[in-house]
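Everything on this sheet refers to the single structure shown next.
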Protein chains: 2
Amino acid sequence: MTYVGSSRLLPAAPRNARGQALEIIRQKIITLELAPGSQLSENELAGQLGLSRTPIRESLILLAEEQLVSVVPQVGTLVSPIVEAEIATSQFVRESLELAALSEAVDVVDAGQLADLNAVIAEQRVADERDDTELFFALDEHFHFALMNISQHGSAWRTVSQAKAHLDRARRLSLSLTQQMSTLIDQHQSIVDALAGGDSRAATDALRRHLRKVFDDIALIRADRPELFDPPASSRRR
Amino acid sequence: MTYVGSSRLLPAAPRNARGQALEIIRQKIITLELAPGSQLSENELAGQLGLSRTPIRESLILLAEEQLVSVVPQVGTLVSPIVEAEIATSQFVRESLELAALSEAVDVVDAGQLADLNAVIAEQRVADERDDTELFFALDEHFHFALMNISQHGSAWRTVSQAKAHLDRARRLSLSLTQQMSTLIDQHQSIVDALAGGDSRAATDALRRHLRKVFDDIALIRADRPELFDPPASSRRR
DNA sequence: TCGTGCACACTACCATACAAGCTCTGCCAT
DNA sequence: ATGGCAGAGCTTGTATGGTAGTGTGCACGA
């Protein structure tokens, strides 16, 4: 069982050209393969992906709605720079929704769901041993989705996932991701343990600690390398 | 000072064809002018709005992302039916975010912001006297936006607004909107009063009561006229 | 009368052509 | 040498044509 591929875990992206383009470009932005602030071009992307401008353009419009790119009419499209305010908003949205969902999850969780969560954690241990950050991110997405899915509000995952995307992108700026994986996995375990114990307060506290750590790590990156954040003076070419 | 027009209170929609089409179609869906479950057509909309299919199509793609329409390839586009699960999700998102924002707002609110909120309430009283539901909805949007804007998380309004759109659409099914306006305005006042008093718990309780009333009203409509909800057996033509 | 299959009309999807606007470069005049 | 203007080459925005797929209704046969 593998979780690679569509790391979005959402309504099976359509296999039409637009769906493919959207997923590819989105993933390249989140993984920083397309640098924040760098300029894009509908024509260029169309050439690279072997498609016409239409599906590319439609993808970019959706990514703009998600705030991952910024389209300036008649000028160009650029990968959104990583702005502190945007990160803070994403954190707020993610934290509020995940915590609210978890507090309801405690009362309805069943053994199978706990087993699933523990299974994901076990896989994350493997990803950690292998220093496989890509696998770790995919499993992290899966873990948090499974967590929300326990409550009746799994369909709000769409919203959480969009916020999480901004946070994950900023996280990837860190040079020491592999050193933090084990701590993060321990926190996942704490959440599941509290959930299994039926302790609502302990579970939400554990989740809050976890999410705050992610946020604080981003703040550390910013303190270390402020040039990676906020609007770039001039648009860098990719 | 009037709040009509773009009831979205968001990054000044672009005045290009797509922006106009998006706003018009979106508004028609929310106001039920386009019936839930009814079928749309890129061609037909293009003709009605005097545009080509391109900006219409792009608008529909964005509305699909917002779950307000459902696009089935090679078959058609239909206005999303009002589904209970979707309403519940929207309520969850809205409630979680507005409450979280308000709990932080209590510590930072200033006199000017309270005055603004009271001014909006005063205008709502006028809208109530005139039985002007459209004005009421616009002012309601403005009130809740202003409330969130007190905290640092005003930029999460985008997300809240999308959830609220689904709730507002369902609310409009009610035949007795005008009779509820005064209660809702009283609740707005309670929120502002608690906020002014610096009582965080009272404020969030008041807001929760308010949001729950809106949600419960929708449940009442559903109990009364279940045929208005959930997937329509066959697609009705508009 | 009822069931079956085929043709037609309609859909969204994609490709492409054209239009409008911005930016930057390089020439020209001062 | 420097300021300004003109034009070329980009950009995204819009319009339109062709394609593939779906659903429907009608005709035909049992």
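Throughout, protein chains are lettered first and strands after them, A, B, ... in sequence-line order, and every chain is numbered starting at 1.
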Under the side chain to side chain donor-acceptor pair (under 3.5 Å) test against B/H210, which residue among B/E98, B/H144, B/E95 passes? B/H144
A/S155 and B/E86: side-chain donor and acceptor closer than 3.5 Å? no
Quick check on DNA chain C: between A/P73 and A/L51, whose nearest nucleotide comes earlier from the 5' end? A/L51
Counting only side-chain nitrogens and oxygens, does A/S52 get under 4.0 Å of the OP1 or OP2 atom of C/dA15? yes
A/I56 CD1 to C/dC14 P: how many Å, rounded? 10 Å
In whole angstrom, what separates A/L78's CG from D/dT11's C1'? 12 Å
Between C1' on C/dT11 and CG on B/L40, what's the gap in Å once rounded to a whole number? 12 Å
Taking CZ from B/R53 and P from D/dT14, how many angstroms apart are they, rounded to a whole number? 15 Å
Measure from NZ or CZ of B/R172 to the centre of the six-membered ring of B/F137, then state whether that distance is under 6.0 Å and the direction lies within 45° of the axis. yes
Distance, rounded to the nearest Å, where B/Q20 contributes CD and D/dT14 contributes C1': 13 Å
Between C1' on C/dA12 and CZ on A/R18, what's the gap in Å once rounded to a whole number? 9 Å
Given C/dA12, is OP1 or OP2 found less than 4.0 Å from the side-chain N or O atoms of B/T77? yes
Could you state the CG-P distance from A/N43 to C/dA15, rounded to the nearest angstrom? 13 Å
Among side-chain atoms of A/T159 and B/T159, is any donor-acceptor pair under 3.5 angstrom? no
Which sits closer to the 5' end of DNA chain C, A/P55 or A/Q74, going by the nucleotide each is nearest to? A/P55
What's the closest nucleotide to the A/E42 side chain, out of D/dA15, D/dG13, C/dC14? D/dG13
To the nearest angstrom, the CZ-C1' distance between B/R57 and D/dG17 comes to 14 Å
B/L60 near the nucleic acid: base, sugar-phosphate alone, or nothing, with a heavy-atom cut-off under 4.0 Å? nothing
Check the pair A/H188 / A/Q124 against side-chain hydrogen bond (donor to acceptor under 3.5 Å, both in side chains), numbers first and verdict last. CA-CA 10 Å; A/H188 282 182; A/Q124 286 192 303; 2.8 Å; yes
By nearest-nucleotide position on DNA chain D, the 5'-leaning member of B/E58 and A/V75 is A/V75
